[in-house]
Amino acid sequence: MTFTKQFIIMDQPLDVQDFQHVTLSCGKILSYHKNLHIQIVQNESGASEICLLGWAFQAEEGRNDPLEQIREIKDRAELEQQLETWSGTWLLIYDKYIYLDACGLLGCFYTDSGIVSSSLSCINEAMHRKSRNPRLRHNFGLDYYPGSGTVYPDTYRLMPSQTYDLINRKYESRSLYLGNKNYETDELRLDAVIHYFETILRNLVRTYNGRIMLPLTGGYDSRTMMALLEYSGIDYFAFTLEHENISELDREAPPELAKIMNRGYEYRKRTGKKSKERLQDFDSHCDGMAADEDRNFYAYDQYPHDDKMTAILRCGVWECNYYTIYNWVEKADLNLKKYTKKYVNIRWRQDMQDSLQHYFDYVKKDEQLLKWPVRFYREQRMGCWLSSMEQALTLVPNMDSLQLCNCSCILEILGGVDLELLKGKKYQVRIIEKICPQLLQVTLQNKENKFPKKSMFKAIKKDFQYIKNCWCCLDGNGRWKEPLKFVKKKLWRNK
């Protein structure tokens, strides 16, 4: 196992291939893979006082680049004000403290013994511990392992609303919203978001030595990103990844959009057989903590990569501001029974229930300014699911997956947008209208064209896949994780 672009912090170096090591100012040893982008500031004695891992881009015009900002800080109390305008996927080590990016996309796990790493597999290597399969399946209950626990009783995931103290081996709470992004109208909010993105994109081009590519679909998120790229005058190339359930709109809209803007475009077909070896590599790299279509994209080797460094501008974090998350999450609140009713694997997995309850207990004590549905989505869907996907994609050579909407100030501004504007993602349509209305000439995604029409054969195939997923989610005693009567009920419902 290569542990590509991962890191680990403990009392001694991790002796594995392609890892480098530095001593932190707190006395701990940081070991990191040679391809992990890292910037280091040393103190007078030569120890590493500040380490910025991953990619961070400044969103506030007139402010210095992230590392230069941190150099100028005299007191740790000033830190949060600086971090809120950083976009990208990053993790900061400041003296003995660890800070995550807005959604915790460069994930971080810690053990009772004080080992900290972006990778559960790295921790297992250091502890000479056998890996445990979380037995997660895409489209079968919750397709990620919910924080703040893991499948290992002594190991936890650091959540976006937490920092970690390397010496005292404990987390501390931090604010997800600072409450200083106040605008009188939604139009002013959207103007501010546009301006922040323009600054981020220009700083990306200035500091990233590689080409920029945009995964394009018929949906709202990637089209909004395309509009922001055009408005900012950034050169880029667009592509679409074929998959089994791709809709007609996702096939037809992207080449039309690229043609309108005179941009290069490629439809990357899914060919050949799914590589079992690549699937195993993907699962091993993120320790099986999430399952999604990205797993298949990697297995079919669909992401573009060659000898040139490439920044892929993915758009998953935009979902933090989608209206539908307010529906059942708000009603469920912190009632675990509601989540066990919705997610079949949580219903029959005591370990997942315990992990989610541990998080709920923490939330009850940790007051935040943002609404509960937004917090749940940001810390669980983004901080657990998307974080694990981003971790696994570090396997793709010469590719950096970047989520530029992953910026605290942008998320706080969009969190203040009126709910009516969030319905149907109207706020994104409004952004496109403001800066690149040509992109609205092509049909946008809706309920009718979002999913392909399924044949009877595909419906039956889906039913059998559901049964197969039940079988794959057996517990250690060989019992079904889903009662047969529930399976039968679901099969009849799908006919």
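For the numbers below, each heavy atom of this structure counts, side chains included, while hydrogens, waters and symmetry mates do not. Count residues from 1 along the sequence. A quick note: this is a predicted structure, and the numbers were derived from the prediction, not measured.
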Looking only at side chains, do [X] and [Y] share a donor and an acceptor under 3.5 Å apart?
X    : Y    : result
H138 : D143 : yes
Q81  : N180 : yes
T85  : Y196 : no
E230 : Y236 : yes
T111 : D154 : no
D221 : Q428 : yes

**OP:** Take D400 and Y208 through the test side-chain hydrogen bond (donor to acceptor under 3.5 Å, both in side chains) and record every step on the way to the result.
**Re:** CA-CA 10 Å; D400 289 297; Y208 186 86; 2.8 Å; yes

What distance do [X] atom [atom1] and [Y] atom [atom2] have between them, rounded to the nearest 0.5 Å?
X    : Y    : atom1 : atom2 : answer
M352 : L356 : CE    : CG    : 8.5 Å
E78  : Q69  : CD    : CD    : 11.0 Å
Y164 : L100 : OH    : CG    : 12.5 Å
Y110 : S148 : OH    : OG    : 6.0 Å
N296 : L241 : CG    : CG    : 11.5 Å
D292 : F297 : CG    : CZ    : 8.5 Å

Original post:
When you measure from the centre of the six-membered ring of W385, is the NZ or CZ of R381 under 6.0 Å away and within 45° of the axis?
Top reply: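 The answer is yes; both the distance and angle limits are met.
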
Any donor and acceptor pair, going by atom type alone, linking the side chain of [X] with main-chain N or O of [Y] inside 3.5 Å?
X    : Y    : result
N345 : L142 : yes
Q302 : E242 : yes
S387 : G104 : yes
D287 : M289 : no
N335 : K337 : yes
R263 : A258 : no
T185 : L188 : yes
S117 : F7   : yes
S232 : I234 : no
E68  : D65  : no

Is the shortest heavy-atom distance from the side chain of [X] to the side chain of [Y] under 4.5 Å?
X    : Y    : answer
T310 : V396 : no
T394 : Q6   : yes
R430 : K434 : yes
Y177 : Q368 : no
C405 : I410 : yes
L404 : L228 : no
L176 : V374 : no
Y220 : I432 : no

Atom [atom1] of [X]: over 12 foreign heavy atoms under 6.0 Å:
X    : atom1 : value
E184 : CD    : no
N262 : CG    : no
E367 : CD    : no
Y362 : OH    : yes
E61  : CD    : no

**OP:** Kindly indicate, with the supporting measurements, whether the criterion side-chain contact (heavy atoms from CB on, under 4.5 Å) is fulfilled by L369 and S175.
**Re:** CA-CA 8 Å; L369 294 177; S175 297; over 6 Å; no

Minimum-distance pair of heavy atoms, taken over all atoms of [X] and [Y]:
X    : Y    : value
L440 : L444 : CD2-CD1, 3.8 Å
R378 : S408 : NH2-OG, 3.5 Å
T155 : T150 : O-OG1, 2.8 Å
T89  : D101 : CA-OD2, 3.5 Å
C103 : C320 : SG-SG, 4.3 Å
M261 : C436 : CE-SG, 3.8 Å

Salt-bridge test for [X] and [Y]: reply yes if a basic N is under 4.0 Å from a carboxylate O, no otherwise.
X    : Y    : result
R375 : D366 : yes
K259 : E256 : no
E248 : R251 : no

**OP:** Could you walk me through whether Q353 and Y339 pass side-chain contact (heavy atoms from CB on, under 4.5 Å), step by step?
**Re:** CA-CA 9 Å; Q353 290 181 32; Y339 297 84; over 6 Å; no

Subject >> Chi angles and distances behind the side-chain contact (heavy atoms from CB on, under 4.5 Å) call for R189, Y427 >> reply: CA-CA 10 Å; R189 290 187 183 93; Y427 79 98; over 6 Å; no

Original post:
Can you check salt bridge (charged side-chain N to carboxylate O under 4.0 Å, His left out) on R314 and D294, steps first, answer last?
Top reply: CA-CA 12 Å; R314 287 165 33 98; D294 277 320; 3.2 Å; yes

**OP:** Evaluate salt bridge (charged side-chain N to carboxylate O under 4.0 Å, His left out) for R211 paired with D235, printing each intermediate quantity in order.
**Re:** CA-CA 8 Å; R211 61 188 173 185; D235 188 30; over 6 Å; no

Subject >> Identified side chain to side chain donor-acceptor pair (under 3.5 Å) partner of Y359 from the options R157, E379, K364, Q380 >> reply: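 Passing option: E379.
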
**OP:** Using salt bridge (Lys or Arg N to Asp or Glu O under 4.0 Å) as the criterion, point out the one residue from K28, R174, K170, K96 that pairs with D165.
**Re:**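 That would be K96; it is the only one of K28, R174, K170, K96 passing the salt bridge (Lys or Arg N to Asp or Glu O under 4.0 Å) with D165.
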
Subject >> Q441 and I260: CA distance, side-chain angles, deciding distance, side-chain contact (heavy atoms from CB on, under 4.5 Å) verdict >> reply: CA-CA 9 Å; Q441 295 173 16; I260 289 172; 3.9 Å; yes

**OP:** Kindly determine whether D351 and R135 satisfy salt bridge (charged side-chain N to carboxylate O under 4.0 Å, His left out), including the steps that lead there.
**Re:** CA-CA 12 Å; D351 60 324; R135 296 188 179 276; over 6 Å; no

Original post:
Centres of the F197 and W318 rings: under 6.0 Å?
Top reply: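 F197 vs W318: aromatic centres under 6.0 Å.
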
